[in-house]
Amino acid sequence: MSIKRIVSRKRLQRRVVGRTKKGSSSKRGNSGLSRRMRDLREQADIVLPEMTARIAALEHLLLEKQLCTRKDLIDARQFVRMQEA
């Protein structure tokens with residue numbers, strides 16, 4: 001049978017507490033920011049196709065009701081592209 005040693009309480013209390021890394025809080029902030037960016041991307045991926053379909057439907061109605069011509073729609077798209085640049 002083996003003999004068990006009694007460890008004094010002073011030895012147990014002398015544990016060295018490690019320092020926290022300085023970059024850990026900034027990493028948490030970055031993960032929160034990346035999570036928000038990912039959520040915004042998902043929202044845009046959901047909304048964008050719906051908006052595109054609605055615009056196409058409006059253009060179709062404008063042409064069907066003869067409120068504008070196809071050339072007017074093409075000019076309007078070109079104007080928007082120029083504004084984006």
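Residues meeting the side-chain hydrogen bond (donor to acceptor under 3.5 Å, both in side chains) test with Arg54, sequence neighbours left out: Glu50. By the side-chain contact (heavy atoms from CB on, under 4.5 Å) test, Asp45 pairs with no residue at all, sequence neighbours left out. A search for side-chain hydrogen bond (donor to acceptor under 3.5 Å, both in side chains) contacts involving Gln43 returns nothing, not counting sequence neighbours. In terms of the salt bridge (Lys or Arg N to Asp or Glu O under 4.0 Å) criterion, Arg41 has no residue partners (sequence neighbours excluded).
Between the CD atom in Gln83 and the CD atom in Gln78 there is a gap of 11.5 Å [rounded to 0.5 Å].
For the residue pair Ala44 and Pro49, the shortest heavy atom distance occurs at O-CD, 4.3 Å.
Hydrophobic side-chain contacts under 4.5 Å tie Ile55 to no other Ile, Leu, Val, Met, Phe, Trp or Tyr residue. Through direct or relayed side-chain contacts under 4.5 Å between Ile, Leu, Val, Met, Phe, Trp and Tyr, Leu67 connects to Leu62, Leu63, Leu73.
In the displayed structure, Glu42 atom CD is contacted under 6.0 Å by more than 12 heavy atoms of other residues, nucleotides or ligands. Counting non-hydrogen atoms of neighbouring residues, nucleotides and ligands closer than 6.0 angstrom, the CD atom of Gln66 reaches no more than 12 such neighbours.
Within the structure, salt bridge (charged side-chain N to carboxylate O under 4.0 Å, His left out) pairs that include any residue of residues 75-85 comprise Glu59-Arg77, Lys71-Asp75 (at least two apart or interchain).
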